[in-house]
Each structure stands twice: as structure tokens, then as C-alpha cells.
Engineer: 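What follows is a structure written as C-alpha cells; I'll ask about it next.
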2 protein chains.
Amino acid sequence: MTQSETPIAAPAEQSGEKKLSRIQQRNRTRIMEAALDVFSAHGFRGATLDQIAKAAGLSKPNLLYYFDGKEAIHVMLLNRLMETWLNPLQELDPNGDPLEEVMGYIHRKVQMSREFPRESRLFANEILQGAPRMKPHLESGLKPLVDEKTALLRQWMDEGKLAAVDPRHLLYSIWATTQHYADFEVQIDVLSPSDEDPFEGADAYLDTLFRKLLTP
Amino acid sequence: MTQSETPIAAPAEQSGEKKLSRIQQRNRTRIMEAALDVFSAHGFRGATLDQIAKAAGLSKPNLLYYFDGKEAIHVMLLNRLMETWLNPLQELDPNGDPLEEVMGYIHRKVQMSREFPRESRLFANEILQGAPRMKPHLESGLKPLVDEKTALLRQWMDEGKLAAVDPRHLLYSIWATTQHYADFEVQIDVLSPSDEDPFEGADAYLDTLFRKLLTP
DNA sequence: TCGTCAATTTACCAAGTGGTAAAAATTCAG
DNA sequence: CTGAATTTTTACCACTTGGTAAATTGACGA
């Protein structure tokens with residue numbers, strides 16, 4: 001039986017998910033890990049199945065036994081990423097203290113850049129090259145959430161709880177400044193004094209920056 | 001005579017530069033234009049010589065008559081980019097009004113994102129993927145300039161002309177926020193209301209953001 | 001107008017790449 | 001222990017891609 005005929009194909013987030021054997025679970029995880037490494041470092045076209053297979057400790061045909069192809073691996077990574085990525089924004093609580101909610105969001109984003117730089121770069125690579133495989137996701141996943149949260153921000157501003165600025169550009173600047181530390185890490189490392197952790201400084205600096213902006 | 005033996009190879013920025021024939025001038029320019037298009041959209045490995053040749057209106061062998069190879073074209077683009085890119089920061093004038101100098105720098109950067117999005121993305125692609133062909137340039141070109149300008153910023157802060165913040169992170173946040181509009185253009189376009197120009201809003205928003213931060 | 005050098009085309013490769021078929025090895029329920 | 005199903009390997013292949021050799025055409029000054 002060839003893999004193009006097996007019904008195993010569709011994995012995670014399906015209804016039946018527990019059906020994966022121990023060995024399948026292990027190898028799929030390994031592959032996703034390896035693929036994240038390679039894709040985030042070289043982009044989609046820059047990455048090769050051989051690199052991914054090697055990093056996962058499998059042969060290329062074996063790798064293709066688990067996934068339907070290069071594209072399928074990439075798409076699955078992006079799907080998984082989307083959730084992780086939207087999470088911090090979703091947690092913006094309408095009932096919390098406005099300023100502290102936004103500041104909390106910022107700190108969470110800094111932390112994500114520090115803990116998941118590969119994910120950040122995977123995302124950046126995809127967007128930078130026109131989001132050929134992610135545009136639909138942006139429309140259906142990100143857009144509604146951003147619309148919802150910008151409305152919330154605008155409300156807070158109308159109530160005088162936050163200084164009035166364009167909420168969309170506020171979000172853009174939060175994303176830009178926080179993700180910059182992961183996406184442009186090489187540059188940061190060249191420019192930053194080697195005796196200090198850029199993320200420490202980033203957290204403090206961004207706190208000042210956005211607090212000054214948003215304090216009514 | 002094959003092109004691997006012709007002495008024509010080494011182009012621009014050499015001592016003898018006027019020696020290029022009209023036809024050479026024209027084709028080299030076309031190639032650089034085409035290469036900028038393709039490299040900025042797909043990254044180094046994602047770009048193909050065929051794409052570049054087609055975009056330049058030349059055959060692939062003909063293209064390789066003008067440049068020594070894919071890498072050579074990319075390197076030349078990066079070299080040319082470096083100057084353009086450092087320019088705005090260099091113009092930060094020690095004798096000008098501190099706050100207005102920094103704000104001017106920010107506006108120049110926004111304008112560059114708007115006018116040269118391809119250059120911004122070319123740079124972002126290179127850095128994102130570990131700057132394999134640009135690390136030396138960062139060390140030798142960007143680093144000294146940044147050291148010089150951060151010293152200037154620190155001096156202004158010590159004199160009470162600017163609010164005291166970490167000057168390095170200040171630069172990072174300026175780069176991040178301004179280049180974001182070019183590098184993440186696809187995302188911005190998905191999220192922004194179609195009836196307004198993101199760059200207009202960006203310019204106004206970033207003015208507020210950094211003015212609030214830096215006003216003593 | 002002719003000869004020479006510059007520019008371009010045609011016809012190729014060798015290596016790398018995504019992917020497949022089928023045999024071999026391994027796992028595991030009964 | 002055994003046979004069926006799963007997993008892995010071996011041996012490929014078609015296509016793309018960066019690059020080259022050599023012949024052909026075009027430009028242009030003497």
C-alpha cells in the first residue's frame with residue numbers, strides 16, 4: 001500500500017486524533033520539529049526535504065510516508081503556528097484594567113519572541129514573500145480578531161482609559177517592535193554589547209515606550 | 001573568448017567606471033532592476049536565474065555574460081543597498097535640534113519604506129535567514145555608524161534635550177516600526193481599511209509615538 | 001566597407017530536488 | 001509463535017536549476 005492511498009494522511013486537529021501509534025506520534029513530532037528548524041531558517045523554497053529528513057533522523061522516503069509532501073508539512077506548521085500566534089491577543093481582557101491589559105500583551109509578545117524565535121521567523125518568512133500559503137488564514141483568522149480588539153481599544157480610548165491613538169497602528173507597532181528581536185536577531189547580536197541580553201533591555205524599553213504613549 | 005576570462009567582470013565602484021558601453025550600462029541596470037524584483041519577492045534561494053533573465057528581457061546565458069553568477073548579482077544588490085540604507089541615519093546632525101533630528105530621521109525611514117519596499121524586503125530576507133552574505137557588512141558598515149549615533153543620542157539625553165531611554169533599543173524600535181510597513185505589507189493590506197493609505201496613518205502615528213517617548 | 005571586438009543565441013550538462021514503486025524489515029495483536 | 005499490517009530501505013526518475021562551450025550575430029571605428 002502506498003502512502004498516496006493510505007487514509008492516515010490527515011493528522012492533528014481532526015476528530016479522531018488518538019489513533020496515531022506511538023511510533024507515528026514520535027516521528028510526526030520529530031518531523032515537525034525538524035521542519036520548523038529548516039523552514040524558519042531558509043524559507044519555504046530555500047528548505048529541502050533532504051535537510052528536514054536528516055534533521056529528523058529519517059530517510060526522505062520515510063519522511064514522505066508521514067506527510068504528503070513538502071507543501072503539506074509547511075501548511076501544517078503554519079496552521080499550528082496561527083493558534084500560538086493569536087493567543088496573546090485573544091487574552092486581551094475587556095474587563096481588565098486597560099493600560100495594564102495592553103502592557104501585559106506587550107510583555108507576552110516579547111516573551112514569545114524570546115521563547116519561540118523560530119516560529120516568529122517562520123511567520124516572517126511567509127509574510128515577507130507574499131503569504132502565498134497563509135493569506136486565507138490572515139483573512140479568516142487574524143482579521144476578525146484584530147477588528148474585535150481594535151474596537152475594544154477604541155472603546156477604552158473613548159472612555160478616556162487610554163490615550164487616543166490609531167488602534168490598528170498601535171497593534172502594528174507592538175508586533176513590529178516585539179517580533180523584531182526574533183526576526184532580526186542576527187543584526188541585534190552584531191549591534192548589541194555582548195555582555196547584556198537584548199531581551200531584558202527590550203522588555204524594559206518597550207514598557208517605557210508604550211506606557212508613555214498610552215497613559216491618558 | 002568566454003565570459004569567465006573577460007576582464008569586464010568587476011563592475012561598479014571600481015576605479016575605472018566610465019568604461020561601460022551604452023549597451024552594458026543599459027543591460028546591467030535592467031538586470032539589477034529585475035534581480036531586485038525577484039530576490040526581494042522570493043529570497044536568494046527562492047529566486048531563479050531564469051526568472052531574473054526573463055524579467056530583464058534577456059536570455060540566461062546572456063545574463064551570465066554580464067554577471068559572474070547568481071551570487072554575484074545578489075552581492076552587488078546588497079552592496080548598493082547598504083549605502084542607501086545607512087544614509088538616513090548618517091544625516092542625523094549633531095548640531096541640529098535633538099528632538100527634531102530624531103523625528104526627521106523617523107519620517108525619512110517611513111518614506112523609504114514607502115518608496116523602496118523592495119529594498120526593505122531584500123534586506124529583511126537576508127537578515128532573517130542569518131545574513132550569510134551580509135554579516136561582514138553589518139560589522140564593518142552598520143556597527144560603527146550605530147556606535148557613533150548612539151553616543152550622540154546618549155549625549156543629547158545627558159544634556160536633557162531628549163528623554164533618557166536606551167539609545168540602541170530606540171534605534172531598533174524605529175527600524176522595526178518603519179520597515180514593518182514594507183516588510184509585512186501583505187498583512188497590513190489585509191488588515192487595513194481599503195480606503196486609507198497605511199503610510200499616511202503610519203507617519204502620523206509614529207510621530208506621536210516617538211514624540212511622546214522622547215520629549216523631555 | 002571591412003575587420004574586429006562586443007553581444008547574443010543555441011545546444012548542452014551535472015548536480016540537486018521533490019517524489020514514487022516495490023521490496024525488505026519490523027511491529028504487534030491474537 | 002505467526003501472519004497481517006505497519007514502518008523503513010533501496011533503487012529509481014523526471015524536472016529544475018545554475019552554469020558552460022561554441023557558434024552566430026551585431027556594432028562600430030579605421
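Below, chains carry the letters A, B, ... as their sequence lines are ordered, and counting in each starts from 1.
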Engineer: Give the nucleotide from the list dT17(C), dA7(C), dT8(D) with an atom nearest to the side chain of Y66(B).
Structural biologist: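 Given the options dT17(C), dA7(C), dT8(D), the side chain of Y66(B) is closest to dA7(C).
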Engineer: Just N and O in the side chain of R28(A): are any of them under 4.0 Å from OP1 or OP2 of dT7(D)?
Structural biologist: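 For dT7(D), neither OP1 nor OP2 has a side-chain N or O of R28(A) closer than 4.0 Å.
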Engineer: When we call it a touch if two heavy atoms are under 4.0 Å apart, what does L58(B) touch: a base, just sugar-phosphate, or nothing?
Structural biologist: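 If one applies the 4.0 Å heavy-atom cut-off, L58(B) turns out to touch nothing in the nucleic acid.
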Engineer: For I23(B) and for K70(B), locate the closest nucleotide of DNA chain D by heavy-atom distance; then report the residue assigned to the nucleotide nearer the 5' terminus.
Structural biologist: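 First, find each residue's nearest nucleotide; the 5'-ward one identifies K70(B).
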Engineer: Rounding to an integer number of Å, can you tell me how far D68(B) CG sits from dG19(D) C1'?
Structural biologist: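 Taking atom C1' of dG19(D) as the reference, CG of D68(B) is at 11 Å.
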Engineer: Counting the atoms with a prime plus P, OP1 and OP2 as sugar-phosphate, which does T48(B) contact under 4.0 Å by heavy atoms, base, sugar-phosphate, or nothing?
Structural biologist: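 Since only primed, P, OP1 and OP2 atoms lie under 4.0 Å of T48(B), the category is sugar-phosphate.
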Engineer: Roughly how far apart are I174(B) CD1 and R108(B) CZ, rounded to 0.5 Å?
Structural biologist: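 Going from the CD1 atom of I174(B) to the CZ atom of R108(B) covers 10.5 Å.
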Engineer: Please check if the distance between the ring centroids of H107(A) and F210(A) is under 6.0 Å.
Structural biologist: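 No, the ring of H107(A) stays outside the 6.0 Å limit from the ring of F210(A), centre to centre.
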Engineer: Expressed as a whole number of angstroms, how long is the span from N62(B):CG to dA6(C):P?
Structural biologist: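 In whole Å, dA6(C) P lies 15 Å from N62(B) CG.
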Engineer: From CZ of R26(B) over to C1' of dA6(C), roughly how many Å is that when rounded to an integer?
Structural biologist: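 Between C1' of dA6(C) and CZ of R26(B): 13 Å.
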Engineer: Any side-chain N or O of R22(B) under 4.0 Å from OP1/OP2 of dA6(C)?
Structural biologist: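 No, outside the criterion.
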Engineer: Counting only side-chain heavy atoms from C-beta out, which of dG18(D), dT17(D), dG18(C) sits nearest to D50(A)?
Structural biologist: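 It is dG18(C).
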Engineer: Under 4.0 Å between any heavy atoms, over every strand shown, what does A72(A) touch: base, sugar-phosphate, or nothing? Just pick one.
Structural biologist: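 No contact at all - A72(A) keeps every heavy atom at 4.0 Å or more from the nucleic acid.
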Engineer: For dA7(C), does either OP1 or OP2 sit under 4.0 Å from a side-chain N or O belonging to Q24(B)?
Structural biologist: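 For dA7(C), OP1 or OP2 has a side-chain N or O of Q24(B) closer than 4.0 Å.
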Engineer: Using only modelled atom types and a 3.5 angstrom limit, is any donor from either the side chain of K60(A) or the base of dG18(C) paired with an acceptor on the other?
Structural biologist: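 By the distance-only test, yes, there is a pair.
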Engineer: Centroid separation under 6.0 Å, is that true for the rings of H74(B) and F67(B)?
Structural biologist: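 No.
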Engineer: Do you see a donor-acceptor pair shorter than 3.5 Å between the side chains of D166(A) and Y205(B)?
Structural biologist: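 Absent: no donor and acceptor within the cut-off.
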Engineer: Looking at the side chain of L49(B), which of dG18(D), dG18(C), dT20(C) is the nearest nucleotide?
Structural biologist: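 Looking only at heavy atoms from C-beta outward on L49(B), the closest nucleotide is dG18(D).
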Engineer: Sub-3.5 Å donor-acceptor pair from the side chain of R133(A) to the main-chain atoms of E126(A), do we have one?
Structural biologist: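 Side chain of R133(A) to backbone of E126(A): no pair is present.
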Engineer: Output the rounded distance in Å from CD (Q51(A)) to C1' (dG18(C)).
Structural biologist: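 Roughly 13 Å, once rounded to whole Å.
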Engineer: Taking only N and O in the side chain of Y65(B), is any of them less than 4.0 Å away from OP1 or OP2 of dT8(C)?
Structural biologist: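 Checking dT8(C) against Y65(B), no side-chain N or O comes under 4.0 Å of OP1 or OP2.
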Engineer: Of all the choices, dT8(C), dT9(D), dG18(C), which nucleotide is nearest to the side chain of P61(A) once you look at every atom?
Structural biologist: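 Between dT8(C), dT9(D), dG18(C), the one nearest the side chain of P61(A) would be dT9(D).
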Engineer: Starting at atom CG of L64(B), determine the distance to atom C1' of dC12(C), rounded to an integer number of angstrom.
Structural biologist: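 Nearest whole value for this atom pair: 14 Å.
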Engineer: Within this structure, what is the NE2-to-P distance between H42(A) and dT17(C), rounded to whole angstrom?
Structural biologist: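 Rounded to whole Å, this separation is 11 Å.
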Engineer: Ignoring backbone atoms, test whether N27(B) places a side-chain nitrogen or oxygen under 4.0 Å from the OP1 or OP2 oxygen of dA6(C).
Structural biologist: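 It does not, given that no N or O in the side chain of N27(B) lies less than 4.0 Å from OP1 or OP2 of dA6(C).
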Engineer: Answer yes or no: does a side-chain N or O of S59(B) lie under 4.0 Å from OP1 or OP2 of dT8(C)?
Structural biologist: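 For dT8(C), OP1/OP2 do not have a side-chain N/O of S59(B) under 4.0 Å.
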Engineer: Can a donor-acceptor pair be found, under 3.5 Å and without considering hydrogens, that links the side chain of K149(A) to the backbone of L171(A)?
Structural biologist: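 No, K149(A) side chain to L171(A) backbone: no donor-acceptor pair under 3.5 Å.
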Engineer: Let me know the distance between CZ of F44(A) and C1' of dT17(C), rounded to the nearest Å.
Structural biologist: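 Interatomic distance, CZ of F44(A) to C1' of dT17(C): 12 Å.
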Engineer: Provide, to the nearest angstrom, the distance between the CZ atom belonging to F67(B) and the P atom belonging to dG19(D).
Structural biologist: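 Distance check: F67(B) CZ to dG19(D) P gives 13 Å.
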